[in-house]
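Accompanying notes for the structure given below.
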Amino acid sequence: MAARMWVRSILGGVLELVAPRRCGGCDLELPPGVVGFCEVCASLLEPAAGEQAAYLYGGPMSEAIRRLKYRGRSELAEPLGARLARACRSLAGEVDLVVPVPLHRRRLAERGFNQSALLARRVARALGVPHRPRLLRRTRDTPPQAGLDEPGRAENVRGAFVAKPIRGRVLLIDDVRTTGATLAACSEALREAGAERVHGRVLARVE
């Protein structure tokens, strides 16, 4: 174990020299040992009231999420997932598995990863429960929710998800919540598949 940690530390140092970590908010190079956000950007993050979202969507947080989703900055999933995991600590012992909101297979192929699955994996590790990224599936390649009003968003994702048979209490993870239509559609599919209870949590909430 000690040897493995030593190797990981050496590899991490080499990677920082070759490709230094950058702030998710402003993209400036981070000092050694600092991950996710620089001191200034970290001070501008706005925690969200209530339980479902960790932060408000705006400022450095919205920039970090956009860099993760659309610019291939998958390394940001670890520090962002750690922040979301801290917001999920109250669910320790209350959930049996963690499930991410899925991407359609076409969009997954284009992006190369599902940002919600990366966040969910970090949350599952923190809670000590299984991460089940393939339990929930998106059956339709729905148009983007951006630009739709609340009724349009609900109709856009209605019936767009299906889950494998499941038992137990589920923590459903997504990156951003706007109206809650996607979380509601996913939760319905999970309950229809046998989930005892579904808790929805997101990294950021749009006001």
Side-chain angles (χ1 to χ4, degrees), residues 48 50-55 57 65 68-69 74 77-78 80-146 148-206:
E51 294 185 340
Q52 194 171 72
Y55 294 92
Y57 186 80
I65 292 173
L68 169 62
K69 292 174 68 170
S74 58
E78 178 65 23
L80 292 176
R83 288 178 176 272
L84 178 54
R86 287 196 289 272
C88 295
R89 284 181 297 191
S90 62
L91 291 172
E94 299 296 322
V95 297
D96 302 304
L97 66 159
V98 177
V99 176
V101 169
L103 292 178
H104 187 267
R105 61 180 181 274
R106 184 185 67 80
R107 194 163 300 179
L108 179 60
E110 291 174 352
R111 187 170 297 170
F113 60 88
N114 176 2
Q115 71 283 348
S116 296
L118 297 181
L119 297 173
R121 182 172 62 190
R122 181 63 179 81
V123 173
R125 190 165 75 241
L127 295 179
V129 297
H131 174 220
R132 298 287 299 280
R134 295 181 180 84
L135 191 143
L136 188 62
R137 180 169 59 89
R138 190 184 291 254
T139 59
R140 299 198 317 270
D141 189 10
T142 54
Q145 294 281 69
L148 299 176
D149 59 14
E150 187 167 347
R153 287 171 180 260
E155 183 61 33
N156 189 38
V157 295
R158 184 173 289 117
F161 302 93
V162 64
K164 296 177 181 178
I166 180 178
R167 296 180 64 183
R169 302 161 296 175
V170 178
L171 174 55
L172 177 66
I173 294 292
D174 204 2
D175 56 343
V176 179
R177 177 192 185 276
T178 303
T179 65
T182 300
L183 287 176
C186 289
S187 296
E188 182 179 3
L190 289 165
R191 286 192 293 268
E192 287 178 351
E196 176 184 329
R197 187 173 182 182
V198 181
H199 301 270
R201 294 291 185 273
V202 298
L203 178 59
R205 184 188 75 229
V206 176

From [X] [atom1] over to [Y] [atom2], what is the distance, rounded to the nearest 0.5 angstrom?
| X | Y | atom1 | atom2 | value |
| --- | --- | --- | --- | --- |
| S74 | N114 | OG | CG | 12.5 Å |
| L190 | F161 | CG | CZ | 10.0 Å |
| I173 | L84 | CD1 | CG | 4.5 Å |

Exercise. Would a 4.5 Å heavy-atom cut-off, applied to side chains only, mark I166 and R132 as touching?
Worked result: no
Problem set entry | Beyond-backbone contact of P100 with H131, side-chain heavy atoms, under 4.5 angstrom | yes
On a heavy-atom basis, which atom in [X] and which in [Y] lie closest, and how many Å separate them?
| X | Y | result |
| --- | --- | --- |
| A53 | R205 | CB-CB, 3.5 Å |
| F113 | L108 | C-CD1, 3.5 Å |
| L91 | H199 | CD2-ND1, 3.7 Å |
| V123 | G81 | CG2-O, 4.1 Å |
| A193 | K164 | CB-O, 3.3 Å |
| A189 | A163 | O-CB, 3.8 Å |

For this session: Could you list the residues that satisfy salt bridge (Lys or Arg N to Asp or Glu O under 4.0 Å) with R201, not counting sequence neighbours?
Result: E51
Problem set entry | Test salt bridge (Lys or Arg N to Asp or Glu O under 4.0 Å) applied to R83 - qualifying residues, sequence neighbours left out | none
Exercise. Should we say atom CZ of R111 is surrounded by more than 12 heavy atoms from elsewhere, each under 6.0 Å from it?
Worked result: yes
Problem set entry | Test log, rule side-chain contact (heavy atoms from CB on, under 4.5 Å), inputs V170 and L135 | CA-CA 11 Å; V170 178; L135 191 143; over 6 Å; no
Just to verify, what does [X] make a side-chain contact (heavy atoms from CB on, under 4.5 Å) with, not counting sequence neighbours?
| X | value |
| --- | --- |
| D175 | I65, K69, Q115, S116, L119 |
| R137 | T139, V162 |
| E192 | E188 |
| R125 | E78, R122 |

Problem set entry | CA sep, side-chain torsions, deciding dist, call: L171, V129, side-chain contact (heavy atoms from CB on, under 4.5 Å) | CA-CA 10 Å; L171 174 55; V129 297; over 6 Å; no
Exercise. Step by step, would you call V176 with V202 a side-chain contact (heavy atoms from CB on, under 4.5 Å)?
Worked result: CA-CA 6 Å; V176 179; V202 298; over 6 Å; no
Exercise. Donor-acceptor pair, D174 side chain versus G180 backbone, under 3.5 Å?
Worked result: no
Problem set entry | Within residues 91-106 or reaching into it, pairs that qualify as salt bridge (charged side-chain N to carboxylate O under 4.0 Å, His left out) - sequence neighbours excluded | D96-R169, R106-E110, R106-D141
Exercise. For R121, which residues count as a side-chain hydrogen bond (donor to acceptor under 3.5 Å, both in side chains) partner, sequence neighbours excluded?
Worked result: none
